[in-house]
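When reading the values below, keep in mind they use all heavy atoms of this one structure, side chains included, and skip hydrogens, waters and symmetry mates. This structure is a prediction, so every number in the text was calculated from the model and none was measured.
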Amino acid sequence: DLRMSRGLGDVYKRQTQSYVFQGVIDKKPPQVLKGKGCRIVVEKNGKVYEDIIDAVTGAAVGALGWGDEDVAKFMLDVLPTHTYTFPAIIGNQNSENLAKFYIDHSPEGAFASALWCGSGSEANENAMKIIHQYWKEKGMPQKRKFISRESSYHGFSLAALSISENARADEFSGILLDPSLCPKMPVCYPYRYQKEGQSEEEYTQYLLDALEKLIIDNDPETVASVTIETLPGSSLGTVPPPKGYLPGIRKLCDKYDVLLHLDEVMCGTGRSNPNGGLNCWENFLEPGQFPDMQSVGKTLGSGYVTIAGVLISPKVKEAYDSGSGMVMGGQTYASHGFNCGVSLKIQEKIFKKGLTKNIFEKGNMLGQKLKDAFIDKHNIVGDVRGIGGFWTCELVKDKATKQWFDKELDIAHRCQDALFEAGLNVVGMQGCVSNKSGEGDFVFMAPAFIITEEDVNEIVKRFITGIEALQEDLKTKGEWK
């Protein structure tokens, strides 16, 4: 009755610790109080930590770091130019300018158009719809199967979860796309699955043969696209593709008339580009090879504005131009003028300061120093992998056999906590060995593009301190020796 409802309301009011419905319900996570550059001040469990190095920038989002003084000016400059319009009726020049910037700062011929949205999940959801309409424009509506990889993650919306393969997707299996529409090819994971005595070329060929067989078995006339993360993030932890893998997939897609969709939401937009540019795939594809479509996000707005996007190749755009000339559907905040305008100014500053070159150089320095500190020594770091500004350390019980820790020990999050106590903010994840069962522990780092050599040295120093503290705890409890 009404009195009982009021009574329950009073109880909840007294007990509530958090009003945000996410993560652990009714428990506040650590709270950032302020930040500057690569340093943040964090309150955690009632204690204030004054000097935490933010080595992961949330979820690989940050480029300019905390408290960039120019961003407030960017926002003031952009605000008078745009509040809001519905893009299906009235567009805005800021979204046009951002699209042209991305096209102009990618290899010539790679992209011809872009759609801007609010998150990486939304970007991948839109990419799938664009792919589906592409084949309808081409008069081939039967091509509606989306091939992706085992142990992958492409976002938390339903279609994005459907092309993912992990425990998070399993939780919603009853309402996802039919599995027959989302075939899965083998994961690319040399540390675990390249057999002893098998060369890199042989392992690559095995993966390509498996993909070709999957396309043939599903009938190429029904396969719409192949979607992969150029450099995986939260699924596996930054596994670079072996030599020839991405070029081989591009050739298979051409052979069987299938679109290649690269997910660079985490690894792209300057985080891992070898040429001072934007795209991670420039490390791996051959000259003249491009994706047909690409999802981007994260560092596009450096966390200051919520923005992601889908980049469209000339080939895909031409099918629309020659067909209906229309994109079916849209979202309220697609190509939002304010977000696009601020994002463009952020990207212009990044390029003016040479920060994509800086993060590639300093990130690779970080990776090498971590390898020097841990590989070929007795510790729990079994593998150090990544490229540019995106790196992972996989944690194992036995380095010789690559045996992982029991899932119940939750080593990844214990490592995350130990590193935090050492003054370092990273992300710990489980599931790299099996994204289904959650076995396999790793931590990953994705610092802001502004890091210096001094920052790199301090990150490595604190990382060593945190790992050593965790190892002592494991030894004390008889969990590792």
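For Pro241 against Phe284, the heavy-atom pair with the smallest separation is CD-CZ, 3.6 Å. Across Tyr245 and Leu208, no two heavy atoms sit closer than the pair O-CD2, 3.7 Å. Closest non-hydrogen pair, Trp135 versus Val258, comes out as CZ2-CA, 4.3 Å. Residue Met429 comes nearest to Ser234 through the heavy atom pair CE-O, 3.5 Å, listed as atom of the first residue, atom of the second, then distance. Of all non-hydrogen atoms in Asn218 and Lys145, the two that sit nearest each other are O-NZ, 3.1 Å. Across Ile249 and Ile228, no two heavy atoms sit closer than the pair CD1-CD1, 3.8 Å.
Looking at Arg385, its side chain never comes within 3.5 Å of a backbone N or O of Thr392 through a donor-acceptor pair. Ser173 contributes a side-chain N or O that, together with a main-chain N or O of Asp170, makes up a donor-acceptor pair within less than 3.5 Å. Formation of a donor-acceptor pair under 3.5 Å by the Glu137 side chain with backbone atoms of Ser324 is found in this model. In this structure a side-chain-to-backbone donor-acceptor pair under 3.5 Å is missing from Ser148 to Thr227. Checking side-chain atoms of Trp281 against main-chain N and O of Pro291 turns up no donor-acceptor pair under 3.5 Å. When atom types are taken as modelled, the side chain of Gln31 and the backbone of Pro29 share a donor-acceptor pair closer than 3.5 angstrom. Under a 3.5 Å cut-off, the side chain of Arg414 and the backbone N or O of Leu409 do form a donor-acceptor pair. Thr57 places a side-chain N or O within donor-acceptor distance of the main-chain N or O of Ala446, the cut-off being under 3.5 Å. In this structure a side-chain-to-backbone donor-acceptor pair under 3.5 Å is missing from Asp263 to Asn124. Judged by distance alone, with hydrogens and angles left aside, the side-chain atoms of Glu439 form no donor-acceptor pair with the main-chain N or O of Gly431 at under 3.5 Å.
The aromatic rings of Tyr102 and Phe111 lie perpendicular to each other, with more than 60° between the two planes, well past the 30° mark. Taking the six-membered ring where the residue is Trp, Tyr193 and Tyr189 present perpendicular rings, their angle passing 60° and hence far from 30°.
Under a cut-off of 6.0 angstrom, the local environment of OH in Tyr320 is crowded, with over 12 non-hydrogen atoms contributed by other residues, nucleotides or ligands. Other residues, nucleotides and ligands contribute at most 12 non-hydrogen atoms within 6.0 Å of the NZ atom of Lys243.
Using modelled atom types and a 3.5 Å distance limit, the side chains of Gln331 and Asn126 yield a donor-acceptor pair.
Every residue two or more places apart in sequence or in another chain that forms a side-chain contact (heavy atoms from CB on, under 4.5 Å) with Glu43 is listed here: Leu33, Val48. Residues meeting the salt bridge (Lys or Arg N to Asp or Glu O under 4.0 Å) test with Lys28, sequence neighbours left out: none.
The list of side-chain hydrogen bond (donor to acceptor under 3.5 Å, both in side chains) pairs with a residue in residues 301-313, not counting sequence neighbours, is empty.
Using a cut-off of 4.0 Å between Lys/Arg side-chain N and Asp/Glu carboxylate O, Asp217 and Lys213 are scored as salt-bridged. With salt bridges taken as basic N to acidic carboxylate O contacts below 4.0 Å, none links Asp178 and Arg144.
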Criterion side chain to side chain contact (heavy atoms under 4.5 Å, CB included) on Ser295 and His261, from CA distance to verdict: CA-CA 8 Å; Ser295 308; His261 168 213; 2.7 Å; yes

Side chain to side chain contact (heavy atoms under 4.5 Å, CB included) assessment of Leu474 paired with Ile411: CA-CA 9 Å; Leu474 294 173; Ile411 298 300; 3.6 Å; yes

Worked verdict on Asn339 versus Trp116 for side chain to side chain donor-acceptor pair (under 3.5 Å): CA-CA 9 Å; Asn339 289 354; Trp116 306 116; over 6 Å; no

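Met75 places a side-chain heavy atom less than 4.5 Å from the side chain of Val305.
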